[in-house]
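Accompanying notes for the structure given below.
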Amino acid sequence: MDLSVSSSGPTREPEWVPEPASGSPLPSGPAPGPASSRNPWIVAFEAAWFAFLRAPIFWLGIGALAGPTLFDLASRGWGTDQAAHAPIVFATAIWLFALSAKQAVTAMSPPPAWRAALALAPGLMLYAAARITGLLEVRGLAAYLSLVAILYAVGGKRVLAVLWFPILYSLFLIPIPDTFVDIATQPVKLHISKSVVGLLGALGYPVATSGVSIYIGQFELLIAAACAGLNSLISLTAIGSFYVYLRHNASWRYTLLLVTLIFPIAVFANFLRVLILVLLTYYAGEAVAQGFLHEAAGLFMFVVSVLTIFLVDKIFTVIGHRMGWMKS
């Protein structure tokens with residue numbers, strides 16, 4: 001993604017230090033150099049520092065609110081199957097924010113204070129309710145909404161427009177509640193179960209199904225939520241959207257197109273996973289199928305899904321260039 005700004009004459013960083021309050025000294029910073037020579041991490045640090053000097057109460061508050069929440073999510077939520085991708089998302093999200101800092105600081109246009117307070121109120125109220133009820137996922141969502149409100153308070157709508165992808169991408173840090181996982185995966189589990197049984201039955205295997213349970217020979221297999229594809233769907237969506245954003249110069253339309261294809265890819269990969277595990281159970285026994293090979297099959301199918309996304313993107317890119325829909 002090209003963040004440099006080209007012009008006919010020599011380029012310099014625009015003056016982006018916000019106006020101070022009446023009577024307060026203007027914070028001084030290092031003289032900006034050419035846009036192409038400045039390190040994005042330095043620009044990001046300077047942007048964060050001057051934003052803090054402009055409204056320290058906002059950032060101290062969000063630190064006190066988001067810090068403990070992020071720690072609890074990392075220690076309790078990120079170790080689950082639903083959020084195994086979160087550490088990678090956290091690291092890459094920080095990198096994306098730093099990469100976009102140069103554009104964000106030139107777009108700063110803070111709104112009136114009453115609008116900033118109005119935008120911050122829902123997140124704070126939701127955070128208070130989550131603290132009372134003890135729902136960690138809701139508390140993570142409240143902290144996320146509050147952070148977005150702080151970005152709006154400091155930079156306005158134009159900054160949110162520049163940082164749209166890092167902001168949406170950070171949603172993957174919040175684990176999905178188990179109750180929602182069970183409800184969302186039930187139709188997918190039933191579909192996968194019926195499809196596997198239908199295929200194996202047509203091939204002459206002694207197989208039957210009852211709900212999300214598959215019976216083959218003397219064995220019974222229960223399709224868990226992990227086999228329904230939701231966990232891999234979330235991880236694939238995070239990886240796929242990150243890949244498309246960087247490769248195709250932040251095209252949100254193409255990102256949306258490819259993300260819609262991730263769901264059938266994930267479901268089909270998990271169909272193959274369940275099929276392989278059923279056959280392993282039939283030929284090698286339950287102990288073999290539920291041991292190391294169970295996890296290995298899941299990892300293998302995930303890698304295949306990621307490679308499929310790359311392949312689909314390559315095909316779409318070639319077609320788009322030939323048809324004139326995409327620029328080289």
First locate atom [atom1] of [X], then atom [atom2] of [Y], and finally report the distance between them rounded to the nearest 0.5 Å.
| X | Y | atom1 | atom2 | value |
| --- | --- | --- | --- | --- |
| T237 | L261 | OG1 | CG | 11.0 Å |
| T281 | E220 | OG1 | CD | 11.5 Å |
| Y282 | I214 | OH | CD1 | 15.0 Å |
| I192 | L272 | CD1 | CG | 10.0 Å |

In short, ring pair (Phe, Tyr, Trp, His ring centres under 6.0 Å) pairs touching residues 106-139 with sequence neighbours left out are none

Identify the heavy atoms of [X] and [Y] that sit nearest to each other, and give their distance.
| X | Y | result |
| --- | --- | --- |
| V154 | M108 | O-CE, 3.6 Å |
| S213 | S193 | O-OG, 4.0 Å |
| A208 | V197 | O-CG2, 3.8 Å |

Say whether, by atom type as modelled, one donor and one acceptor occur between the side chain of N270 and the main chain of A266 under 3.5 angstrom.
-> yes

Less than 4.5 Å apart, any side-chain heavy atom of T209 and any of Y215?
->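 No, every pair of side-chain atoms sits at 4.5 Å or beyond.
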
L200 versus L279: any side-chain heavy-atom pair under 4.5 Å?
->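 L200 reaches L279 side chain to side chain.
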
Judged by modelled atom types alone, do R158 and S109 share a side-chain donor-acceptor pair under 3.5 Å?
->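 Their side chains do not contain a donor-acceptor pair, so the 3.5 Å distance test is not met.
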
Look at the side-chain heavy atoms of Ile, Leu, Val, Met, Phe, Trp and Tyr, link any pair under 4.5 Å apart, and say whether V306 and L257 land in one connected group.
-> yes

Would you please indicate yes or no on a ring centroid separation below 6.0 angstrom for F242 and Y169?
->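 When the ring centroids of Y169 and F242 are compared, they turn out to be within the sub-6.0 Å range.
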
Scan the side chains in residues 140-153 for donor-acceptor partners under 3.5 Å anywhere in the protein, sequence neighbours excluded, and list what turns up.
from, atom 1, to, atom 2, distance (Å)
Y144, OH, I167, O, 2.7
S146, OG, A142, O, 2.9

F90: what forms a side-chain contact (heavy atoms from CB on, under 4.5 Å) with it, not counting sequence neighbours?
-> L70, W78, I94, L173

